[in-house]
Asker: 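The following block contains the structure, expressed as structure tokens.
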There are 2 protein chains.
Amino acid sequence: MARPDRLFRLLQAMRVLPAPITAARLAEETEVSLRSLYRDIDSLRAAGARIEGERGYGYRLIEDYALPPQTFDRDEIEALALGLAEVKRMGDPALAKAAASVLAKVAATLPDDREQHLFHAVSQVYRPDARFAAGLDMDLVRQACWREEALAIRYTDKAGATSERTILPLAVVYTEGTLTVLAWCCLREAFRMFRADGISQLRLAGTSFRPRRVVLLREYLAELQGRRTG
Amino acid sequence: MARPDRLFRLLQAMRVLPAPITAARLAEETEVSLRSLYRDIDSLRAAGARIEGERGYGYRLIEDYALPPQTFDRDEIEALALGLAEVKRMGDPALAKAAASVLAKVAATLPDDREQHLFHAVSQVYRPDARFAAGLDMDLVRQACWREEALAIRYTDKAGATSERTILPLAVVYTEGTLTVLAWCCLREAFRMFRADGISQLRLAGTSFRPRRVVLLREYLAELQGRRTG
DNA sequence: GGCCAACTGCCACTTTCTGTCAGTTGGATG
DNA sequence: CATCCAACTGACAGAAAGTGGCAGTTGGCC
């Protein structure tokens, strides 16, 4: 596939997987032939990475500040937020406190408040009884959330009525026994929750709602607050 | 020349040069045409770099929310491990993968392998149906785990038999509907799981088992492996 | 409306990358 | 000392990129 991207993934793999790691394993991980993997290792070394290889043993990456830093990507942040939300309600006070602390630390390192909103949205909306299996391609939905692109969906509600809608997805929420998409519904002009198992068709509509996203999230959170206190 | 190398240099250039920086300048810096530079920026973004571009202004590299090493204390690490284990079994493949990745990344930043063992122990032993409330002071138990001190407990097993034991606690485990302590039982000379609600008295025995801890954990994990494959 | 600079699409041309295959090498194990 | 393991290397031909140039478009700002 795309080589440059692959090199970054290779580097990540070497950081993430326990050392020592064999070339064969890395080749599998990055989906290339063994020969290409040796070439990739070469490239990384040429780019300045310190990779130690021992015959009959495996590779070891020596961490180096010249390399691109270790980061959490958005999937990972979402997993963190979700997992920590779960821990918070498990009932162990010390751990709950620790979870909150981790949450705060990670939130503090996020670049702009857009991500922070996503972060808080997910963890606030989270509800206990999540027991679900992912039906359709939720990753596409999550991508749409991050890239702030509208989605065109066919949706069947609880009553069985089917409709075609364009939605502006804000966050994937883990609630009420199923995966749910929190979105602004362009049909109803209101915030709606769409259960994943009700979505039968799904594609990127191709239009961006970048300017509105933060505003929408803020509005939604305000609405939540109002409902709670009012 | 070599594209992958160039991408690393581009990233370096964006780090080093004062923001905002124009595409033209970066093209000059990396010795490519403007058109190729835009492609390179694309590649970096695809690889996960956060680069903000504003028309008429220039580029800005958001120093990735780098994972600062060593900023998580043990409570926090435990909360992380627990939460991520939960996410892993939630059934969303992309998130599960992300959770595994976070786990590995955090593990990589831990100073020595002692913590790594704790880390892996907790996440491996974790089982689905954790719905518990902390009864006694689990924090004391967790502290004992970290400080590698023996615990003296009074324990009532499922059959109702009560005994006094000295145990070497390895990890607090979240399993089988209750908090559980995984420990080496000095009475039985074997690994045992003690349900928290069966522990009626608890105090630090005052003796350390520091030298044995890593060995014990390794043995326990090996036992787990054996049970699985054998 | 004009400027700036990020962005995009297209095209013909090059360069590089890719997997395959057939080796070699150094260390550890038996 | 033979065997295994896994890191490495070289060569090759077909496939897949990357490449610059050019001609746009877009959004913000003066």
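Here is the naming used below: chain letters follow the sequence lines, and residue numbers restart at 1 for every chain. Only a predicted model underlies this, so the values are computations on that prediction, with no experimental measurement involved.
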Asker: Side chain of A/Ser33: nearest nucleotide among D/dC8, C/dG19, C/dC7?
Answerer: C/dG19
Asker: Quick one: do the B/Arg15 and B/Gln12 side chains pair a donor with an acceptor below 3.5 Å?
Answerer: yes
Asker: Looking only at N and O atoms, is any donor in the side chain of B/Arg6 or the base of D/dG18 less than 3.5 Å from an acceptor on the other one?
Answerer: no
Asker: Atom CG of A/Leu37 to atom C1' of D/dA7: distance rounded to whole Å?
Answerer: 11 Å
Asker: Quick one about A/Arg3 and A/Ser43 (side-chain donor to acceptor, distance below 3.5 Å, no hydrogens or angles considered), yes or no?
Answerer: yes
Asker: Of the nucleotides D/dT19, D/dA7, D/dA11, which has the atom closest to the A/Thr22 side chain?
Answerer: D/dA7
Asker: Do A/Arg55 and D/dA6 share a donor-acceptor pair, side chain to base, under 3.5 Å?
Answerer: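 Looking at the base of D/dA6, it does not pair with any donor or acceptor on the side chain of A/Arg55 (distance under 3.5 Å).
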Asker: Measure from the side chain of B/Arg35, starting at C-beta and using heavy atoms only, and say which of C/dC7, C/dT8, C/dT18 lies closest.
Answerer: C/dT8
Asker: Would you say a side-chain N or O of A/Tyr59 is under 4.0 Å from OP1 or OP2 of D/dC8?
Answerer: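 Answer is yes, contact under 4.0 Å.
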Asker: If you assign A/Arg39 and A/Glu54 each to the DNA chain D nucleotide with the nearest heavy atom, which residue ends up on the more 5' nucleotide?
Answerer: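 Of the two residues, A/Glu54 wins.
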Asker: Taking only the side-chain heavy atoms of A/Arg45 (C-beta and beyond), determine which of D/dC8, C/dT18, D/dT19 contains the nearest atom.
Answerer: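 Nucleotide nearest to A/Arg45's side chain: D/dC8.
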Asker: Could you tell me whether the phosphate oxygens of C/dC4, OP1 or OP2, come under 4.0 Å of any side-chain nitrogen or oxygen in B/Tyr57?
Answerer: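 False: B/Tyr57 side-chain N/O out of range (4.0 Å or more) of C/dC4 OP1/OP2.
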Asker: Roughly how far, to the nearest 0.5 Å, is CD1 of A/Ile167 from CD1 of A/Ile153?
Answerer: 4.0 Å
Asker: Can a salt bridge be assigned to the pair B/Glu52 and B/Arg60 using a cut-off of 4.0 Å between side-chain N and carboxylate O?
Answerer: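 Answer for the salt bridge query: yes.
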